[in-house]
Undergrad: 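Below is a structure I'd like to ask you about.
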There are 2 protein chains.
Amino acid sequence: MPLAPAVQQGRQKDSRTAILDAAERAFADLGFGGASIRAIARDADVNQAMIHYYYQNKDQLFSAVVARRSGEINTRRNLALDALFDGDIPTLEVLVEALLRPTIELGHDNERGGDAYARLIVSFNNSADDRSRRAATEHYDPIARRSIGAIMRVMPELEKAAAVRGYLFAISVALSVMAKTGRASRLSDGLCDDTDTEETVASVVAFACAGIRALANNKQK
Amino acid sequence: MPLAPAVQQGRQKDSRTAILDAAERAFADLGFGGASIRAIARDADVNQAMIHYYYQNKDQLFSAVVARRSGEINTRRNLALDALFDGDIPTLEVLVEALLRPTIELGHDNERGGDAYARLIVSFNNSADDRSRRAATEHYDPIARRSIGAIMRVMPELEKAAAVRGYLFAISVALSVMAKTGRASRLSDGLCDDTDTEETVASVVAFACAGIRALANNKQK
DNA sequence: CCCGGTTTTAATCAAACGTTTAATTAACAA
DNA sequence: TTGTTAATTAAACGTTTGATTAAAACCGGG
């Protein structure tokens with residue numbers, strides 16, 4: 001006589017998200033090629049055939065992992081952009097913080113598996129293989145285009161090429177603090193506090209805004 | 001009757017570097033777990049046992065790939081630091097350019113397999129697994145510490161934590177332009193030119209220096 | 001010419017891989 | 001209860017993996 005589960009159709013959803021959670025950790029820690037379906041199934045406490053049952057194959061599992069997190073990040077960023085531009089044009093600081101905060105906060109939210117996804121997004125964001133390029137194009141290019149347009153509205157003197165560079169530079173800085181490798185603490189003998197979200201956001205925003213403004217002045221030299 | 005090779009001991013060194021070249025491409029394109037010894041041997045036109053003969057196992061092969069490129073980068077950076085501080089204190093722009101130029105130039109030097117190594121260094125620089133952490137610690141922490149010290153000499157008002165952050169931010173921006181994923185060109189409809197090394201160096205240096213100065217002003221707000 | 005050490009080769013090992021299959025179990029409607 | 005569908009399982013498929021071995025080919029110095 002097995003223990004009767006209290007919930008009604010309690011089996012499905014638990015397995016699906018348990019697989020996503022385990023896959024997120026595996027892909028982040030070992031890379032796509034280094035992560036194994038078998039180990040993911042073991043970690044998720046699920047039969048390995050379940051992974052193919054729900055996600056068909058390893059590639060689609062990877063895509064599902066990215067889709068889950070990118071969805072909530074981009075929802076927050078789109079809502080923030082909607083709100084920022086319904087009245088006056090905001091300052092660059094307000095805009096950049098709105099763009100980077102959802103990303104940085106997810107990276108610091110360990111309850112939501114954020115630090116694993118952080119390393120994952122850094123990985124495919126800087127890779128050139130088909131799978132990585134597809135993940136970036138599909139899940140992050142639309143919001144990137146909208147963000148670049150927003151930067152140009154806030155700083156009309158910025159040429160488009162400079163705005164693109166500024167956005168990508170800012171994102172790469174934000175991503176580097178999402179993936180907590182322990183290097184900052186090591187190099188600073190413990191002085192740098194990765195865990196303080198507000199201090200991190202403030203530092204990155206200050207750095208990125210000053211950098212973007214410098215790109216505007218850089219052309220006429 | 002085989003074609004007689006003109007060179008004297010022509011077999012050894014060709015195999016060793018052919019293996020390193022092929023491994024560099026494989027690790028960069030597929031990650032450590034995705035790259036296979038067999039494919040590397042095939043690409044290098046070498047028997048697969050040769051890889052174990054020269055490099056024992058996959059881990060030491062990876063380490064050898066990193067050691068080769070990091071060696072020449074760090075040699076250039078150390079020489080530049082020696083020269084910069086033998087007289088007056090240089091400006092932040094001169095210092096930052098000296099630190100970032102060797103990295104960016106290697107990434108743009110396709111003859112030296114640079115763009116493959118660029119993606120590789122970005123990958124392990126933002127990963128937390130043992131192998132990646134060891135590569136960063138062993139091959140890049142010493143020059144990082146010296147560079148952070150140099151930044152603090154040029155900007156004495158910068159606290160150490162801010163200097164560490166500034167250095168890491170600057171490096172992450174430089175690395176992001178090394179790994180040419182084609183995203184900048186895609187998002188700018190071809191306006192951003194990844195191939196112009198001088199323009200890239202100028203943009204990154206301007207962005208990074210303004211960002212570092214902003215970190216100095218950020219504390220008293 | 002043959003010798004000694006290095007380099008290269010083909011063959012093979014056990015283990016792990018992604019995926020598929022067919023059978024079993026659980027849940028709910030009729 | 002029975003019929004139907006979805007969820008889960010154990011077992012196996014063929015392939016590929018990193019690594020090892022023992023023998024062959026190559027080479028310059030005696």
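A note on names: the letters A, B, ... follow the listed sequences, proteins ahead of strands, and every chain is numbered from 1.
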Undergrad: In whole angstrom, what separates A:Met50's CE from D:dA10's C1'?
TA: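 Distance check: A:Met50 CE to D:dA10 C1' gives 14 Å.
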Undergrad: Within this structure, what is the CD1-to-P distance between B:Ile40 and D:dT16, rounded to whole angstrom?
TA: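 Computing the B:Ile40:CD1 to D:dT16:P distance gives 17 Å.
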Undergrad: Show the nearest heavy-atom pair for residues B:Leu20 and B:Leu61, with the distance to one decimal.
TA: CD2-CD1, 4.2 Å
Undergrad: Please, what dot-bracket string fits DNA chain C when only Watson-Crick and G-U pairs with both distances under 3.5 Å count, crossing ones use [ ] and pairs to another strand use |?
TA: |...||.||||||||||||||||.||||.|
Undergrad: Can you check whether A:Asn74's main-chain N or O pairs, donor with acceptor, with A:Asn78's side chain at less than 3.5 Å?
TA: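 Checked: pair present.
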Undergrad: Below the 4.0 Å mark, does C:dT7 have OP1 or OP2 next to a side-chain nitrogen or oxygen of B:Ser15?
TA: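 False: B:Ser15 side-chain N/O out of range (4.0 Å or more) of C:dT7 OP1/OP2.
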Undergrad: Any ion pair linking A:Glu138 and A:Arg134 (charged N to carboxylate O, less than 4.0 Å)?
TA: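 Result for this pair is no, no salt bridge flagged.
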Undergrad: Kindly say whether A:Met50 contributes a backbone atom to a donor-acceptor pair with the side chain of A:Tyr55 at under 3.5 angstrom?
TA: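 Not at all, since once roles are kept as given, no pair shorter than 3.5 Å links the two residues.
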Undergrad: Does OP1 or OP2 of D:dA6 have a side-chain N or O of A:Tyr54 closer than 4.0 Å?
TA: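 Checking A:Tyr54 against D:dA6: no side-chain N or O falls below 4.0 Å of OP1 or OP2.
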Undergrad: Any side-chain to backbone donor/acceptor pair from A:Ser176 onto A:Val173? Under 3.5 Å, distance only.
TA: yes
Undergrad: Check this for me: does any side-chain nitrogen of one of A:Arg68 and A:Asp21 sit under 4.0 Å from a carboxylate oxygen of the other?
TA: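 Answer for the salt bridge query: yes.
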Undergrad: Are there more than 12 heavy atoms of other residues, nucleotides or ligands under 6.0 Å from atom CG of B:Asp59?
TA: yes
Undergrad: Respond yes when some side-chain nitrogen or oxygen of A:Tyr53 is under 4.0 Å from OP1 or OP2 of D:dA6, and no when none is.
TA: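 Answer is no, no contact under 4.0 Å.
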Undergrad: At under 4.0 Å between heavy atoms, which parts of nucleotides 12-21 of chain C does protein reach? Answer with one letter per nucleotide, 5' to 3': B base, S sugar-phosphate only, - none.
TA: B----BBBBB
Undergrad: Between the side chains of B:Arg119 and B:Glu24, is the shortest nitrogen-to-carboxylate-oxygen separation below 4.0 Å, so that they form an ion pair?
TA: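 Salt bridge flag = no for B:Arg119 with B:Glu24.
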Undergrad: In terms of side-chain heavy atoms of A:Asn47, which of D:dT9, D:dA7, C:dT6 is nearest?
TA: D:dT9
